[in-house]
Protein chains: 2
Amino acid sequence: MTVSKTAEKSSGKPADAAKGRKDAGEPQAEALQLGELSEQLGYVLKRAQLKVFENFLRCVASLQLTPAQFSVLLLVEKNPGRNQTEIASTLGILRPNFVAMLDNLESRDLCTRIRSTNDRRSHILVLTDKGKAVLARAKKLVATKHEARLNDLLGQANREALLAMLAKIANEF
Amino acid sequence: MTVSKTAEKSSGKPADAAKGRKDAGEPQAEALQLGELSEQLGYVLKRAQLKVFENFLRCVASLQLTPAQFSVLLLVEKNPGRNQTEIASTLGILRPNFVAMLDNLESRDLCTRIRSTNDRRSHILVLTDKGKAVLARAKKLVATKHEARLNDLLGQANREALLAMLAKIANEF
DNA sequence: CGATATTTGGTATGGTCCATAACAATTATC
DNA sequence: GATAATTGTTATGGACCATACCAAATATCG
């Protein structure tokens with residue numbers, strides 16, 4: 001597959017190599033045939049994922065949160081008192097790569113590392129008040145602007161079916 | 001969201017920070033709560049995408065093809081005589097990044113750049129005989145090992161519904 | 001107890017992918 | 001025929017991912 005983030009200079013959908021295709025009378029090199037590509041799970045999946053992330057970023061742009069950061073805040077809120085290793089591995093983040101991420105969140109006063117008294121090796125992660133507030137606002141934005149759009153596009157039932165299938169793939173494929 | 005490729009050193013599913021969870025009698029720090037994370041479209045989507053790519057790579061490992069390379073070969077076969085810009089932009093690949101990719105495929109004698117006689121700036125892309133043969137084998141592997149697995153997992157009808165929804169997201173989100 | 005192994009957070013580093021700027025050669029435009 | 005646009009390309013930087021390694025703290029076991 002392939003699918004990068006900012007499709008050429010052209011419009012949104014990358015599948016139009018040609019310019020301002022309308023129905024004008026230009027010599028216009030006709031559009032390419034996607035062919036079997038549109039049946040490839042990985043291709044469509046990646047395309048969809050990029051679009052969703054892109055939309056997510058726009059929706060929470062005012063809070064300056066990436067999908068990854070949002071997931072960290074969500075998980076820390078739901079599981080306060082856990083250490084870096086636990087949070088990171090649950091999200092599939094490798095511990096070394098989690099350090100800079102936490103440095104960022106901590107520098108913005110969204111979460112805090114606390115030396116555990118039981119095990120003085122580990123850092124307990126906790127959301128700051130600001131972190132909780134930002135997360136609350138992020139949730140609202142995501143719910144009303146981002147996830148709601150799926151319902152408009154697919155309908156409630158289909159949206160749930162989609163999530164269920166994706167979860168199944170993520171867990172059993 | 002987040003989701004890296006090789007979840008920690010632990011097993012497959014990243015959602016088990018703890019070790020060999022069974023039902024033994026260890027002090028074992030209980031598993032984390034995913035919470036609202038499992039309802040986040042982007043999170044589940046990314047997770048699924050990583051799993052699918054991972055499986056794709058395994059299925060065509062004998063041919064040494066990445067999803068991106070596979071998509072290029074597919075598109076060139078379906079649209080012979082197109083130049084680099086057209087193929088790249090259709091796939092959402094930026095032209096500068098497409099150069100090294102083609103260098104690779106060409107060095108393996110899977111496709112060829114041909115100077116166009118009409119426009120001597122552009123390179124026409126064509127699959128070599130070896131390229132066609134490799135692609136044919138890849139298709140077979142993908143169909144029988146990769147895509148077939150989706151049917152086993154979701155069933156034919158659901159698989160088609162999933163692809164349709166993903167395509168809709170990719171195009172209209 | 002004390003030697004050894006393991007775990008935790010962290011640093012350093014390299015790879016891959018993605019994005020932008022710039023350039024020469026060629027072609028289009030006026 | 002001068003200027004603009006296009007094509008393939010190089011160079012470069014950023015983001016993300018993965019591995020090896022380290023010191024401090026803890027666990028394990030003789």
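Basis for what follows: all heavy atoms, side chains included, without hydrogens, waters or symmetry-related copies. Lettering follows sequence order; numbering is per chain, from 1.
Computed from coordinates, the L94(B) CG to dT9(D) P distance equals 15 Å when rounded to whole Å. The nearest whole Å value for the distance from the CZ atom in R115(A) to the C1' atom in dG10(C) is 11 Å. Rounded to whole Å, atom P of dA25(C) lies 13 Å from atom NE2 of H123(B). If you take CD of Q49(A) and P of dC18(C), they are 11 Å apart, rounded to a whole angstrom. One atom, CD1 of I114(A), and another, P of dT8(C), lie 18 Å apart when rounded to the nearest Å.
Applying the salt bridge (charged side-chain N to carboxylate O under 4.0 Å, His left out) test to D103(A) and every residue at least two apart in sequence or in another chain returns R113(A). Taking the ring-ring contact (aromatic ring centres under 6.0 Å, His included) definition, one finds that F173(B) meets it with H146(A), sequence neighbours left out.
With distances taken from any side-chain atom of P96(A) to the nucleotides dA12(C), dT9(D), dC17(D), the minimum falls on dA12(C). In the set dT9(D), dT20(C), dG9(C), the nucleotide with an atom closest to the side chain of T85(A) is dG9(C). Which of dG9(C), dT27(C), dT9(D) sits closest to the side chain of R121(B) comes down to dT27(C).
Side-chain contact check for Q156(B) and E160(B): at least one donor-acceptor pair (N or O, by modelled atom type) lies under 3.5 Å.
Within the nucleic acid shown, D103(B) has no heavy atom closer than 4.0 Å to any nucleic acid atom. As judged by a 4.0 angstrom heavy-atom cut-off over every strand, D119(B) is placed among residues touching the sugar-phosphate backbone only.
With hydrogens and angles left out, the side chain of R120(B) and the base of dT26(C) share no donor-acceptor pair within 3.5 Å.
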